[in-house]
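This report refers to the structure that appears directly beneath it.
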Amino acid sequence: MKKRRTIVFLVNDIDVSYSNLVYLMTKKAAEKYDCNLIVYEGRSFNNPSMADSQHQISYSFVDNTRLDGIIITSATIACFISDEEFVEFCKRYEGIPLVSLGIVVPHATSILVDNKPGMKSQVEHLIKDHGFKKIVYISGPPTNTDSVERLEAYCEALRENDIEIDDGLIFYGDFMAQSGYDIIKEIIKNGIEYDAVVCANDEMAFGAIKGIRDLKDAYNLDLTQKGVICGFDDSITSRLVKPSLTTVRQPIEEMCFYAVEAILKKIEGEKVEDVVKLPSVLVKRESCGCKNAAEVDFVSDSSLRLVPGQRIHENLQTYSLDELFDCITRTLKLCSIRSCFIFKYCGGTLLYEVDSIFRDDFRLPEDSELIYAYYNDERITIEDSIKYIKTRCIIPDRFFNEDRRFTYLVNPLFFYDEHFGYVCFEVANDDVLNFEPIRGQISNTLNGALMLMERAKMEESLRETERLASLGQLIGGISHNLMTPIMSISGACFGLEDLVHEYMASIEDPSVTVQDHKEIARDMQEWINKLKEYNSYMSNVIATVKSQAVQLNSDAINEFTIEELVDRVKFIKNNNPQIRKAVLNCKIDIDGKTAIRGDISNLVQIIENLLINAVQSYEGMDNASNIVDLHILKEENMVKCIVRDYGKGIPNEIRDRLFRRMVTTKGKNGTGLSLLLSYSTIKGKFGGELWVESKENEGSAFYVTIPLTDRE
């Protein structure tokens, strides 16, 4: 069986009247000749619109590994650049069979429309049949070949009918409806007299028609006199407007069918003409003043919007990926879209500049990850075999099968100039109106979801980094502080060993007196007492680590309120014998419902440590007041806890090493572990800060700050 061919179709915008008809006719031809169609919608080069320029990345997806030939709507894509610049761009497709619509491209079959006969016939019709002399002309961009030819035809028609060319009646638009709207408003506001308006394409004519109607009441316009407007293209909409639009018909259907026939012949190596020129023909309708002109002969279903735009927007509002994919599934069913695949670039976001498409060093990310798959009207599970593909392959091999013909539409996913992937739709009918709203909303929603995911990943990475650093600091501190007692225990063992040898030697020595034995026993007891002291210190360190550090590596993510925290602190105040020795003043300047992300037990343990340290700061002081202040407040987007005492303060040499080493002001009675662990926990688990301000004999204030949760 003969292999089904796959044709790539490069088009500026399938939702604009002229390009829409070109797309529909090409799709119809592909269906007739049983070939696959992959559509890349990339807008026009050098378009001043920032959003339009970002779509140009679509033309970078073209790869010859799966396609057999390319049809490119050259005239519309190159609307704002010269033919020479466009030909230079097309060199990237050398070696692939190519058909160009509207511009002559070397090594390609170029299908052109003879603009002049149709445009001259239209202008002559206005002059000879309606008697109009002052005819405004709204041209397209001066760099565009079609635009230049149509303007020349307008000028030739005037000269051949002895009408002087008035440069004041010639204006330049950009082939978009908005430019036609803006120009006609300028003409009306400036009081420029005219009999009729001829536009270089239908889109600008539609804009001019709307402009006239919007200004009708403000300028008391007579639409029978000022509303004579004609176009060029004979797009679908030209038959639907009222009055129906007099225009020039490009043989779009014939052109598209010839393009598909030609590309298939080129693929098979058959000879095809290099340049083919098709005629344009005047179509008389109502907008020029003709009566009983041709009415609408058909209405394409592509002009019927079954699903309002707001339904698409409202159905895709979420920043959760799981929810987003569920919403997309419902929306695809609602819009009768058969298949949809969403890919995320591997390696992160790609920044795309306006001229990136023309740079030799620009490259798409090599690999992409399939994050959503909807095929044959059902969402499917993404298996490992289809999860990652080469970006320019567009879809996994499984969906590029020979079982049935397909049409895929490929669009980039981006937010401003940050590109993070692409979406591929399977087109099952002629309705093109919903693809861009879906693509745009997927872009916006996916961007938000990916940002939240990236933020969570970065926060987790930061927490992990802080946690590892804290653990390393903790281990280093424990190692440093345990080394001294361990070395002392070793020394004590040597000392005891010497005393044991001395005692053993004295047993059979008659010169050793009872007093000598008592001295040996006393020396042994001194070493044993030291061993007990070292053992007690080490046990204290280990117990502290066990009670306070066991939760440091917990991955549990909880949330608690200030109200819950205060209740726990009150319990500690009433039940901790050490804290009960002090006068504890609590001041709460924050809403009790305020939420903190983290484990409440960790923060309660830290506050308890700080309160105990505050109480102990008064030990050894005469007339100590034992006052401890606890102040919890909100400061910007942080919760701040302050524990203040008025005790001995912390010496400078110790304060400088706090939170970095196990240092203490309590001598044998302290290990310095509680502050080290408190600092590690605040940094590693809460993403907060812990610091101290202190002056000797004036007291200390410990500060804890913790970020509020997002909903705050």
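Quantities reported herein were computed from a predicted structural model and do not represent experimental measurements.
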Review point. Which atoms form the tightest heavy-atom contact between Gln54 and Asp417, and what is the distance?
Key: OE1-CA, 3.4 Å
Point to revise | For Arg379, side-chain hydrogen bond (donor to acceptor under 3.5 Å, both in side chains) partners two or more places apart | key: Asp326
Revision key, fill the gap. For Val272, the side-chain contact (heavy atoms from CB on, under 4.5 Å) test, sequence neighbours excluded, returns Thr109, Tyr258, Ala262, Lys265, Lys266
Revision key, fill the gap. When every non-hydrogen atom of Leu282 is compared with those of Ser121, the smallest separation belongs to CD2-O, 3.8 Å
Point to revise | Any donor-acceptor N/O pair, Ser58 side chain to Gly42 backbone, under 3.5 Å | key: no
Check your understanding: Minimum heavy-atom separation for Asn12 to Tyr59, with atom names?
Key -> CA-OH, 3.8 Å
Exercise for review: Decide if the gap between the ring center of Phe406 and the ring center of Tyr408 is smaller than 6.0 angstrom.
Suggested key: yes
Check your understanding: Should the heavy atoms of other residues, nucleotides or ligands under 6.0 Å from CZ of Phe415 be counted, would the total exceed 12?
Key -> no
**Study point:** Partners meeting side-chain hydrogen bond (donor to acceptor under 3.5 Å, both in side chains) with Ser238 (sequence neighbours left out)
**Key:** Asp234, Arg285
Review point. Can any side-chain N or O of Ser244 pair as donor or acceptor with the backbone N or O of Val241 at less than 3.5 Å?
Key: no
Exercise for review: Return the set of residues passing side-chain contact (heavy atoms from CB on, under 4.5 Å) with Asn411 (not counting sequence neighbours), or none when no residue passes.
Suggested key: Glu41, Leu409, Val423, Phe425, Arg439
Check your understanding: Listed by chain and number, what are the side-chain hydrogen bond (donor to acceptor under 3.5 Å, both in side chains) partners of Asp355, not counting sequence neighbours?
Key -> none
Point to revise | Contacts of Leu67 that satisfy side-chain contact (heavy atoms from CB on, under 4.5 Å) - sequence neighbours left out | key: Val8, Val62, Ile70, Ile96
**Study point:** Donor-acceptor pair, side chain of Asp63 and main chain of Arg66, under 3.5 angstrom
**Key:** no
Practice item. Provide the full list of salt bridge (charged side-chain N to carboxylate O under 4.0 Å, His left out) pairs with a residue in residues 252-262, sequence neighbours left out, each pair given once. Key: Lys28-Glu253
Point to revise | Trace of the side-chain contact (heavy atoms from CB on, under 4.5 Å) decision for Phe9 with Lys27 | key: CA-CA 9 Å; Phe9 181 60; Lys27 177 173 171 288; over 6 Å; no
Exercise for review: Please check if the side chain of Thr145 supplies one atom and the backbone of Ala75 the other of a donor-acceptor pair under 3.5 Å.
Suggested key: no
Practice item. Please state whether the rings of Phe89 and Tyr93 are parallel, tilted or perpendicular, taking 30° and 60° as the class boundaries. Key: perpendicular
**Study point:** Closest approach of Ser179 to Asp174 (non-hydrogen atoms, all atoms of both residues)
**Key:** OG-OD1, 2.9 Å
Review point. Taking Glu426 for the side chain and Arg338 for the main chain, is one N or O donor matched with an acceptor at less than 3.5 Å?
Key: no
Exercise for review: Can you spot which of Tyr345, Phe420, Tyr416, Phe362 makes a ring pair (Phe, Tyr, Trp, His ring centres under 6.0 Å) with Tyr352?
Suggested key: Phe362
Check your understanding: What is the distance from atom CG of Asn201 to atom CG of Asp146, rounded to the nearest 0.5 Å?
Key -> 10.0 Å
Check your understanding: Measuring from Asp182:CG to Met176:CE, what's the distance to the nearest 0.5 Å?
Key -> 12.0 Å
Review point. Between Ser82 and Glu85, do the side chains contain an N or O donor and an N or O acceptor separated by less than 3.5 Å?
Key: yes
Practice item. For residues 96-115, pull every pair meeting salt bridge (charged side-chain N to carboxylate O under 4.0 Å, His left out), keeping only residues two or more places apart or in separate chains. Key: none
Check your understanding: What is the minimum heavy-atom distance between Ser235 and Leu21, and which atoms define it?
Key -> CA-CD2, 4.3 Å
Check your understanding: Backbone N or O of Ile395 within a donor-acceptor pair of the Arg398 side chain at under 3.5 Å?
Key -> no
Exercise for review: Could you tell me whether a side-chain N or O of Thr391 sits under 3.5 Å from a main-chain N or O of Pro365, the two making a donor and an acceptor?
Suggested key: yes
Exercise for review: Have a look at His55 and tell me which of Phe414, Tyr40, Phe61 forms a ring pair (Phe, Tyr, Trp, His ring centres under 6.0 Å) with it.
Suggested key: Phe414
**Study point:** Residues Lys333 and Asp377 bridged, charged N to O under 4.0 Å
**Key:** no
Check your understanding: Quick one: are Leu10 and Ile71 in side-chain contact, heavy atoms under 4.5 Å?
Key -> no
Practice item. May I ask you to decide whether Arg392 forms a salt bridge with Glu366, counting only side-chain N to carboxylate O separations under 4.0 Å? Key: no
Check your understanding: Are the aromatic ring centres of Phe399 and Phe341 under 6.0 angstrom apart?
Key -> yes
Check your understanding: Residues in side-chain contact (heavy atoms from CB on, under 4.5 Å) with Ser287, at least two apart?
Key -> Pro243, Leu245, Thr246
**Study point:** With Tyr372 via side-chain hydrogen bond (donor to acceptor under 3.5 Å, both in side chains) - residues at least two apart
**Key:** Thr329
Exercise for review: With side-chain hydrogen bond (donor to acceptor under 3.5 Å, both in side chains) as the test, would you mind laying out the steps for Ser139 and Ser147 before giving the verdict?
Suggested key: CA-CA 6 Å; Ser139 177; Ser147 176; 3.0 Å; yes
Review point. Looking only at side chains, do Ser280 and Asn115 share a donor and an acceptor under 3.5 Å apart?
Key: no
Point to revise | Cation-pi geometry met for Lys226 and Tyr194 (6.0 Å, 45°) | key: yes
Practice item. Evaluate side-chain contact (heavy atoms from CB on, under 4.5 Å) for Asp52 paired with Asp13, printing each intermediate quantity in order. Key: CA-CA 10 Å; Asp52 277 13; Asp13 187 350; over 6 Å; no
Point to revise | Presence of salt bridge, Arg405 and Asp34, under 4.0 angstrom | key: no
Exercise for review: Let me see the working for Val410 and Ile394 under side-chain contact (heavy atoms from CB on, under 4.5 Å), right down to the final yes or no.
Suggested key: CA-CA 8 Å; Val410 181; Ile394 301 301; 3.8 Å; yes
Study note, to complete from the structure: Value for CD1 (Ile229) from CE (Met204), rounded to nearest 0.5 Å, stands at 12.0 Å
**Study point:** Test salt bridge (Lys or Arg N to Asp or Glu O under 4.0 Å) applied to Asp274 - qualifying residues, sequence neighbours left out
**Key:** none
Practice item. Give the minimum heavy-atom separation between Cys256 and Val22, together with the two atoms involved. Key: SG-O, 3.4 Å
Check your understanding: How would you list, by chain and number, every residue that makes a ring-ring contact (aromatic ring centres under 6.0 Å, His included) with Tyr154, sequence neighbours excluded?
Key -> Tyr137
Practice item. Give the C-alpha distance, both sets of side-chain angles, the deciding distance and a yes or no for side-chain contact (heavy atoms from CB on, under 4.5 Å) between Ile328 and Ile342. Key: CA-CA 10 Å; Ile328 290 173; Ile342 300 176; 3.5 Å; yes
Point to revise | Distance (rounded to the nearest 0.5 Å) between Gln178 CD and Glu203 CD | key: 11.5 Å
**Study point:** Flag, side chain of Ser100 to backbone of Ile103, donor-acceptor distance under 3.5 Å
**Key:** yes
Practice item. Can you measure from OH (Tyr422) to SG (Cys424) and round to the nearest 0.5 angstrom? Key: 7.5 Å
Check your understanding: What's the verdict on side-chain hydrogen bond (donor to acceptor under 3.5 Å, both in side chains) for Asn144 and Arg150, showing C-alpha distance, side-chain angles and the deciding distance?
Key -> CA-CA 10 Å; Asn144 181 266; Arg150 294 169 195 176; over 6 Å; no
